[in-house]
Amino acid sequence: MPSYPPPSEYQEALQAPAVAFADSELQNGTPRTNALGLPQPVTGSFAAVFPMTTDAGRRYAVKCFLAEMPDQQARYEAVAEVLEGIDHDAFVEFAYQPEGISVRGEAYPLLKMKWAEGIPLNRFAEKHLDRPGVLDRLAEAWAGLMADLESMDLAHGDLQHGNVLVETAGEALRLRLVDYDTMYVPALKGRASAEVGHRNYQHPDRTDADFGPALDCFSGLVIYTALRACAVRPELWDEYDTGENLLFRDADFYAPEESPLFGALGEIEPLRALSDALRTACYVEPADVPPLPAVRDGRLEPSQVSVSRSNAQRGRDTGERSTAARVFLPVTIGGVGMALGLAGVGRGLVAAGVLLAGASVGAGVVATRYRRLSLVRRRRRLEQEADRFRSTIQELEREVASLQEKRDELRTSMAERRQERLREIQEQVLHDRLKHHFVEEVRDVEGLTHKHVVRLKAANLRTASELTPAAVDAVRRISDRARARLKMWRAALEERYADEIPDALSPAQERRLQRYIEHRIDDLGDQIGRTREKIQTQRTELERIEERLDEMPNLSVGHYVCFLLRLAALPDRTGAPPEPSRPHEVGTSDDRAPVPEPVEDDRSWWTQG
């Protein structure tokens with residue numbers, strides 16, 4: 001996997017868009033800049049996004065990658081092909097360019113996406129907490145979008161506040177989806193997911209193996225429930241907002257029966273059925289979570305949801321044996337007995353074949369059932385999240401090192417930058433003098449005629465300023481002698497103005513350069529500080545995940561085989577994370593939502609109505 005540049009190197013390259021980009025439209029674009037006039041990116045874990053505006057006024061988000069995803073090009077091309085044939089306001093035009101940007105002479109991919117207007121979902125909800133009607137319309141718009149995705153057999157894969165923008169047009173609300181890194185389209189069926197989505201919106205059992213049209217069912221239900229809750233009880237926002245969620249957090253999904261938020265929602269009559277549906281969804285497998293339209297259509301009765309939740313928890317948390325687990329031991333004993341019987345009557349090869357076939361089938365059953373265990377899936381998801389945080393920390397540390405190197409270079413290269421600035425000023429002064437000498441003047445030079453003037457104008461050279469030696473060499477259909485005389489004419493003009501060309505910076509120019517260097521050093525220091533803060537935040541999250549992994553039982557394949565053979569029991573819990581205490585905690589052992597008594601009912605929980 002190739003090493004990608006850090007954001008600061010992309011920032012440096014974008015100072016010259018005409019050189020950096022392969023795309024002709026972006027070559028003539030202007031990046032959004034900071035106070036020092038430098039391109040200003042929005043950085044994430046795996047990419048830096050630069051807003052660009054073209055000469056024609058079109059705006060784009062240019063996504064420059066910091067790390068490569070698996071099958072990156074194939075994924076984007078498959079998504080682009082599908083979206084090209086879909087006319088839906090939620091999606092924006094984009095193009096993947098495998099060698100779209102050049103950094104330090106090396107070509108890297110980029111994603112050119114049409115700029116999407118709008119306010120991030122969580123900020124829009126916060127802004128309209130005092131207008132429940134607006135939040136209700138937003139929830140309806142969200143439900144409509146989820147129904148549309150379901151009908152098109154598509155899934156975004158990472159529905160969260162940062163990837164959903166809300167655009168207003170009078171009373172109408174329009175939702176835009178951005179960031180298609182994890183998007184599912186039918187052409188990608190059978191692949192693994194590139195990411196596992198934002199932890200505060202995704203099913204606790206989701207891993208990279210979950211990748212299909214049902215990928216958005218859980219996060220769609222989370223967002224819909226949160227929007228409805230904000231409309232009914234806006235005060236919940238002050239209690240549960242972290243800036244990185246929409247009321248719910250991952251801890252709520254790992255242990256819904258211990259969640260203060262689920263407890264609060266269960267006490268609100270208009271939200272009880274919806275809250276119960278989401279609570280139950282936390283216990284079933286990600287692929288078994290029903291689509292939002294099925295939940296909204298009223299096919300779920302609260303009592304039936306409770307019954308199904310009891311079954312789900314009973315089977316997934318307490319280690320109660322499924323049908324496959326109950327028959328595994330008898331089938332194993334029967335198979336071994338059959339093989340021994342065949343061997344006893346002299347059918348050794350047949351007995352070996354029976355044992356081999358049985359072992360192969362048994363291993364397949366064990367592997368399939370093992371991977372589907374909630375405890376195994378949750379450990380895998382947490383391990384994948386931990387790997388992602390480690391990768392992000394590594395990239396951020398590389399960015400800090402790059403920024404420090406640039407800052408040290410600025411501190412030690414004042415003389416070089418002074419000379420560079422002086423050359424720029426000298427070139428500008430010379431240009432200002434030579435631009436008033438037009439090429440018609442060369443007819444006064446011996447050996448140069450009107451024909452040479454015509455040739456120069458045909459090459460778009462009209463003043464002595466444009467008549468550089470390189471430009472003269474590129475002019476067609478003139479002799480070498482004529483080229484030499486044109487260069488001599490330009491050199492004579494340069495000599496005429498030599499006394500007017502400064503040989504040192506003025507005191508004012510020196511002060512401006514010094515201030516620029518100081519401000520640039522301060523800016524780099526601020527960037528280093530912000531990046532280190534990000535590293536600390538990522539390390540805190542990583543420590544939280546590692547602590548959760550330490551507390552979660554580690555179920556090996558061998559232990560699971562012993563369970564199937566009735567030699568051991570599965571762990572009692574799925575390793576739910578502890579919920580932080582609150583000053584007005586409602587999640588005590590007495591007032592948590594009770595787990596209903598087990599009821600025999602094997603029907604799917606969303607079809608029992």
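For clarity, every value in this text was computed on a predicted model and none was experimentally measured.
- Of the residues Arg539, Arg390, Lys534, the one that meets the salt bridge (Lys or Arg N to Asp or Glu O under 4.0 Å) test with Glu397 is Arg539.
- Ion pairing of Glu117 with Arg176 is absent here, as no side-chain N (NZ or NE/NH1/NH2) approaches a carboxylate O to less than 4.0 Å.
- Ion pairing between a basic and an acidic side chain is recognised when a charged N comes within 4.0 Å of a carboxylate O; Arg381 and Asp205 show no such pairing.
- A salt bridge does not link Arg515 to Glu518: none of the charged nitrogens lies less than 4.0 Å from a carboxylate oxygen.
- The side-chain contact (heavy atoms from CB on, under 4.5 Å) search around Glu99 returns Ala107, not counting sequence neighbours.
- Annotation: Phe248 is not in aromatic contact with Tyr240 [ring centroid separation under 6.0 Å not met].
- Not one N or O on the side chain of Asp241 forms a donor-acceptor pair closer than 3.5 Å with the backbone of Asp238.
- Formation of a donor-acceptor pair under 3.5 Å by the Ser193 side chain with backbone atoms of Val196 is not found in this model.
- Tyr180 has its ring centre less than 6.0 Å from the ring centre of Phe94.
- Distance alone, capped at 3.5 Å, places no donor-acceptor pair between the Ser391 side chain and the Asp387 backbone.
- Within the 3.5 Å criterion, the main-chain N or O of Met183 finds no donor-acceptor partner in the side chain of Asp158.
- Listed by first and then second residue, the ring-ring contact (aromatic ring centres under 6.0 Å, His included) pairs that reach into residues 14-60 come to none, sequence neighbours excluded.
- Between Phe91 and His156, the distance separating the two ring centers is not shorter than 6.0 angstrom.
- Under a 4.0 Å N-O distance rule, the pair Arg199/Glu385 does not qualify as a salt bridge.
- Aromatic rings from Tyr516 and His519 are positioned such that their centres are separated by 6.0 Å or more.
- A cation-pi arrangement is present between Arg75 and Phe211 under the rule of less than 6.0 angstrom and at most 45 degrees off the ring axis.
- The residues Lys114 and Glu93 are annotated as not salt-bridged, no charged nitrogen and carboxylate oxygen being separated by less than 4.0 angstrom.
- At least one donor-acceptor pair under 3.5 Å links the side chain of Asn34 to the backbone N or O of Leu38.
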* Quick one: do Arg377 and Asp210 satisfy salt bridge (Lys or Arg N to Asp or Glu O under 4.0 Å)? Show the steps, please. => CA-CA 10 Å; Arg377 295 170 70 98; Asp210 298 293; 2.7 Å; yes

